[in-house]
Amino acid sequence: MEIQTYGNNVEVTPALQSYVEEKVGRVGKHFDQHCQIRVTLKLDKTQHHVDADVTLAGKALHAKADGQTMYAAIDILADKLDQLVIKHKEKKHLHAPVPAPLGDNGA
């Protein structure tokens with residue numbers, strides 16, 4: 001899993017970087033395949049915004065969150081990403097092919 005963190009009107013400090021990796025990194029436990037996560041931190045006056053794009057094989061997921069502090073916004077985003085990834089994983093399993101039952105062909 002690869003996590004990239006960018007700042008828009010925000011300096012990405014090592015503390016913010018490690019916090020993002022810790023919180024958003026838990027999404028990786030749902031997959032054994034490679035995924036890429038791009039997190040953008042933004043500051044708009046008094047509101048903190050965090051956007052994340054998760055790129056999986058053949059699928060892209062997007063989530064965003066707002067908070068009073070950057071850390072609160074990251075926490076909210078991590079919860080949203082967990083829900084999105086679990087929902088995607090469940091959909092993937094629902095559409096998996098079901099083997100046909102073996103039996104008589106009426107002969």
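Each residue takes its place number in the sequence, starting with 1. Fair warning: this is a prediction, and the values are worked out from it, not measured in the lab.
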Participant: Give the minimum heavy-atom separation between Gly67 and Ala73, together with the two atoms involved.
Facilitator: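 In this case the closest contact between Gly67 and Ala73 is N-CB, 3.8 Å.
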
Participant: Test side chain to side chain donor-acceptor pair (under 3.5 Å) on Gln4 and Tyr6; report intermediate values, then the result.
Facilitator: CA-CA 7 Å; Gln4 301 171 349; Tyr6 300 95; 3.1 Å; yes

Participant: Assigning hydrophobic clusters by single linkage (Ile, Leu, Val, Met, Phe, Trp, Tyr; side-chain heavy-atom cutoff under 4.5 Å), is Ile86 placed with Val54?
Facilitator: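 No; Val54 is not reachable from Ile86 via cluster members.
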
Participant: Quick check against the 3.5 Å criterion: does Lys80 have a side-chain atom that pairs as donor or acceptor with the backbone of Lys64?
Facilitator: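 Judged by distance alone, yes, a pair lies under 3.5 Å.
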
Participant: Treating Ile, Leu, Val, Met, Phe, Trp and Tyr as nodes and any side-chain heavy-atom pair under 4.5 angstrom as an edge, say whether Leu56 and Val24 lie in one connected cluster.
Facilitator: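 Hydrophobic grouping puts Leu56 with Val24.
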
Participant: Between Val20 and Ile3, is any pair of side-chain heavy atoms under 4.5 Å apart?
Facilitator: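 Yes. Closest side-chain heavy atoms under 4.5 Å.
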
Participant: With a 3.5 Å distance limit and no angle check, can you tell me whether His62 reaches the backbone of Ala52 through a side-chain donor-acceptor pair?
Facilitator: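 Side chain of His62 to backbone of Ala52, a donor-acceptor pair under 3.5 Å: yes, one is there.
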
Participant: When rounded to the nearest 0.5 angstrom, what distance separates CG in Asp53 from OG1 in Thr40?
Facilitator: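 One finds 7.0 Å between CG of Asp53 and OG1 of Thr40.
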
Participant: I would like to know whether Asp79 and Arg26 meet salt bridge (Lys or Arg N to Asp or Glu O under 4.0 Å); could you show each step before the answer?
Facilitator: CA-CA 10 Å; Asp79 292 338; Arg26 68 181 186 198; 2.5 Å; yes

Participant: Do Val10 and Asn8 come within less than 4.5 Å of each other through their side chains, counting heavy atoms only?
Facilitator: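 When only atoms from C-beta onward are counted, Asn8 and Val10 do not touch, as no gap falls below 4.5 Å.
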
Participant: So which atom in Thr5 and which in Gln17 form the shortest heavy-atom distance, rounded to 0.1 Å?
Facilitator: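 Shortest heavy-atom separation between Thr5 and Gln17 comes out as CB-OE1, 3.2 Å.
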
Participant: Roughly how far, to the nearest 0.5 Å, is CG of Leu81 from CD1 of Ile37?
Facilitator: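 The CD1 atom of Ile37 sits 6.5 Å away from the CG atom of Leu81.
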
Participant: Within the structure provided, determine whether Tyr19 and Thr13 are in side-chain contact (heavy-atom separation under 4.5 Å).
Facilitator: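 Not in contact.
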
Participant: Side chain of His48, backbone of Gln68: donor and acceptor closer than 3.5 Å?
Facilitator: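 Yes, His48 side chain to Gln68 backbone: donor-acceptor pair under 3.5 Å.
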
Participant: Any chance you could measure Lys87, atom NZ, to Leu61, atom CG, to the nearest 0.5 Å?
Facilitator: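 Atom-to-atom, Lys87:NZ and Leu61:CG are 10.5 Å apart.
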
Participant: Does the side chain of Lys42 reach to within under 4.5 Å of the side chain of Val50, using non-hydrogen atoms?
Facilitator: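 Side chain of Lys42 against side chain of Val50, heavy atoms only: no contact under 4.5 Å found.
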
Participant: Between atom CD1 of Ile74 and atom CG of Leu41, what is the distance when rounded to the nearest 0.5 Å?
Facilitator: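 It is 5.5 Å, given to the nearest 0.5 Å.
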
Participant: Should Ile76 and Met70 be counted in the same cluster of Ile, Leu, Val, Met, Phe, Trp and Tyr side chains packed under 4.5 Å apart?
Facilitator: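 Different clusters: Ile76 never reaches Met70 through Ile, Leu, Val, Met, Phe, Trp or Tyr contacts under 4.5 Å.
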
Participant: Hey, could you give me the CG/CG distance between Asp51 and Leu77, rounded to the nearest 0.5 Å?
Facilitator: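 Atom-to-atom, Asp51:CG and Leu77:CG are 8.0 Å apart.
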
